[in-house]
Amino acid sequence: ASFDKKVKLWCGKTGNFLATLTGHVGHVYQVCWAPDSRLIASASKDSTLKVWEARNPKKPKTTLSGHFDAIYALDWSPNGTLIASGGKDRILK
């Protein structure tokens, strides 16, 4: 979880800091890479799910709304075309 409302990216090989993803207005509870590693999804207390391009993470590629409260869980489908989310509102999308 990230209580500063940001997602930080670091290089797993070198440990170097790569980028900060900003855009959520609530705590970030979950982050998940797409199977092809080109996209990143983040879920937040602000009831949105944001999708980011890993190569250009300056702003979200898209923001998905529809939950009525915090989103605690998300995952990509095996082929990377769908995202499932679940949250405090007890709704799975």
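Excluded from the calculations below are hydrogen atoms, water molecules and symmetry mates; all remaining heavy atoms, backbone and side chain alike, are included. Bear in mind the structure is a predicted one, so any value in this text is a computation, not a measurement.
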Checking the side chain of Asp69 only, and the main-chain atoms of Asp89 only, is there a donor and an acceptor separated by less than 3.5 Å? no

Is any side-chain N of the basic residue among Asp4 and Lys6 closer than 4.0 Å to the acidic one's carboxylate O?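 No salt bridge links Asp4 with Lys6.
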
To the closest 0.5 Å, what do you measure between [atom1] ([X]) and [atom2] ([Y])?
X: Arg38; Y: Glu53; atom1: CZ; atom2: CD; value: 8.5 Å
X: Leu49; Y: Lys93; atom1: CG; atom2: NZ; value: 11.5 Å
X: Asp75; Y: Cys32; atom1: CG; atom2: SG; value: 4.5 Å
X: Lys45; Y: Ser2; atom1: NZ; atom2: OG; value: 13.0 Å
X: Phe17; Y: Lys8; atom1: CZ; atom2: NZ; value: 5.0 Å
X: His24; Y: Ile71; atom1: NE2; atom2: CD1; value: 8.0 Å

Walk me through it: do Trp33 and Leu39 pass the test side chain to side chain contact (heavy atoms under 4.5 Å, CB included)? CA-CA 6 Å; Trp33 286 89; Leu39 299 173; over 6 Å; no

Out of the candidates Ile83, Ile40, Thr63, only one should pair with Val51 under the side chain to side chain contact (heavy atoms under 4.5 Å, CB included) rule; please name it.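 That would be Ile83.
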
Yes or no on side chain to side chain contact (heavy atoms under 4.5 Å, CB included) for Ser42 and Trp52, after CA distance, side-chain angles and deciding distance? CA-CA 8 Å; Ser42 57; Trp52 314 80; 2.9 Å; yes

Shortest non-hydrogen contact between Ala43 and Leu74, atoms and distance: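 It is CB-CD2, 3.1 Å.
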
What heavy-atom pair brings Pro35 and Ser77 nearest, and what distance separates the two atoms?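 The pair with the smallest heavy-atom distance is CG-O, 3.4 Å.
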
Quick one: which of Ser85, Ser47, Ser44 gives a side chain to side chain donor-acceptor pair (under 3.5 Å) with His67?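 The option that passes is Ser85.
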
Heavy-atom side-chain contact between Thr48 and Leu64 under 4.5 Å: no

If you apply the rule side chain to side chain contact (heavy atoms under 4.5 Å, CB included), what do you find for Lys88 with Tyr72, and how did you get there? CA-CA 7 Å; Lys88 189 174 181 181; Tyr72 294 132; 3.6 Å; yes

